[in-house]
Colleague: 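Mind having a look at this structure? Questions to follow.
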Amino acid sequence: QKEVEQDPGPLSVPEGAIVSLNCTYSNSAFQYFMWYRQYSRKGPELLMYTYSSGNKEDGRFTAQVDKSSKYISLFIRDSQPSDSATYLCAMSMNTGNQFYFGTGTSLTVIP
Amino acid sequence: DGGITQSPKYLFRKEGQNVTLSCEQNLNHDAMYWYRQDPGQGLRLIYYSQIVNDFQKGDIAEGYSVSREKKESFPLTVTSAQKNPTAFYLCASSGLDRVNQPQHFGDGTRLSIL
């Protein structure tokens, strides 16, 4: 079993829809959770960075962490065609400096 | 602008040849990383370094080598021993002054076999 599981999609939604992207994990030691957006032929760009459980909002993006269920989510409100990309979740522990990535979910927002 | 610069953007390797991928950062980050990205497999860690002149193997270090002579630079050499080098290579860095700062990435180098 991989430490971080992410549905690869592809996910296709109409413009303006609310998008929900999810990851599950098996290691209860994970404390830091990240979401990256990666456009084709580009490097991942950090979108959200959260510590432990709870919600964090930044503009149209909301990151949610449920440590009891080992489940994290990224919500995108009022999705735009420019949101079309692959979204990667990542997580790390309190000690060491290694990061564990999901395989990414491909999202297309149709105008 | 602060960031991570990877070069070249595209690279072609002949059989039996070693090639070196460049990674430079001006974020004053202590830690630097190399990942390989293949379709459907996510990011796999090749090497990482937390301090100058020191580095550790990641999950798939065989056929690769690195050096860390300067804080800003972490070049990756793909040797002829790496039999399947075609992939997208990503360099990342992170600070270590606070616990678990997130990684920031460059825009990658795509390596192909001629």
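Chain naming here is simple, since letters A, B, ... match the order of the sequence lines and numbering starts at 1 in each.
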Colleague: Can you tell me how far the OH atom of A:Y49 sits from the CD atom of B:Q101, to the nearest 0.5 Å?
Modeller: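 Those atoms lie 7.0 Å apart.
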Colleague: Between B:R44, B:R110, B:Q103, who has the most heavy-atom pairs with chain A when the cutoff is under 4.5 Å?
Modeller: B:Q103
Colleague: Please answer: with hydrophobic residues joined when any side-chain heavy atoms are less than 4.5 Å apart, are B:V66 and B:Y48 in the same cluster?
Modeller: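 No, B:V66 does not connect to B:Y48 through the hydrophobic network.
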Colleague: Quick one: do B:V52 and B:W34 end up in the same hydrophobic cluster if we chain Ile, Leu, Val, Met, Phe, Trp and Tyr together by side-chain heavy atoms under 4.5 Å apart?
Modeller: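 No, because B:V52 and B:W34 fall into different hydrophobic clusters, even though each may have its own neighbours under 4.5 Å.
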Colleague: Please test A:Q38 against B:L43 for side-chain contact (heavy atoms from CB on, under 4.5 Å), starting from the C-alpha separation and ending with a verdict.
Modeller: CA-CA 12 Å; A:Q38 185 176 22; B:L43 299 178; 5.7 Å; no
Colleague: Pick one of side chain, backbone, both or neither for B:Q41, based on which atoms fall under 4.5 Å of a heavy atom in chain A.
Modeller: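 Backbone of B:Q41 only, per the 4.5 Å heavy-atom cut-off to chain A.
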Colleague: With clusters defined by side-chain heavy atoms of hydrophobic residues (ILVMFWY) lying less than 4.5 Å apart, directly or transitively, does B:L111 cluster with B:Y35?
Modeller: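 No, because B:Y35 and B:L111 fall into different hydrophobic clusters, even though each may have its own neighbours under 4.5 Å.
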Colleague: With sequence neighbours excluded, tell me which residues meet side chain to side chain contact (heavy atoms under 4.5 Å, CB included) with B:D107.
Modeller: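 Result, side chain to side chain contact (heavy atoms under 4.5 Å, CB included) vs B:D107: A:K42.
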Colleague: Consider only side-chain heavy atoms of I, L, V, M, F, W and Y, link residues closer than 4.5 Å, and tell whether A:F75 and A:V65 are in one cluster.
Modeller: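 No, no single cluster joins them.
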Colleague: Could you report the tightest heavy-atom contact between A:G43 and B:L90, atom names first, then the distance?
Modeller: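 Minimum heavy-atom separation between A:G43 and B:L90: CA-CD2, 3.7 Å.
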Colleague: Can you confirm whether more than 12 heavy atoms, excluding those of B:Q56, are under 6.0 Å from its CD atom?
Modeller: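 Yes, CD of B:Q56 has more than 12 neighbouring heavy atoms, counting only those of other groups under 6.0 Å.
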Colleague: If I measure from the heavy atoms of chain B, does A:P44 come under 4.5 Å with its side chain, its backbone, both, or neither?
Modeller: both
Colleague: Using a 4.5 Å heavy-atom cutoff, which residues in residues 99-106 of chain A come close to chain B?
Modeller: A:F99, A:F101, A:G102, A:T103
Colleague: List for me each residue that meets side chain to side chain contact (heavy atoms under 4.5 Å, CB included) alongside A:N22, sequence neighbours excluded, and say none if there are none.
Modeller: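 If we apply the side chain to side chain contact (heavy atoms under 4.5 Å, CB included) test to A:N22, skipping adjacent residues, the hits are A:S20, A:Y71, A:S73.
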Colleague: In terms of heavy-atom contacts, does CD1 of B:I51 have more than 12 from other residues, nucleotides or ligands at under 6.0 Å?
Modeller: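 Open.
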Colleague: What are the two closest heavy atoms between B:F88 and A:R41, and how far apart are they?
Modeller: CZ-C, 4.1 Å
Colleague: Show me the side-chain donor-acceptor pairs of residues 2-9 of chain B shorter than 3.5 Å, one per line, residues at least two apart or across chains.
Modeller:
{"unit_1": "B:Q6", "atom_1": "OE1", "unit_2": "B:C91", "atom_2": "N", "d": "2.9"}
{"unit_1": "B:Q6", "atom_1": "OE1", "unit_2": "B:G108", "atom_2": "N", "d": "3.0"}
{"unit_1": "B:Q6", "atom_1": "NE2", "unit_2": "B:Y89", "atom_2": "O", "d": "3.1"}

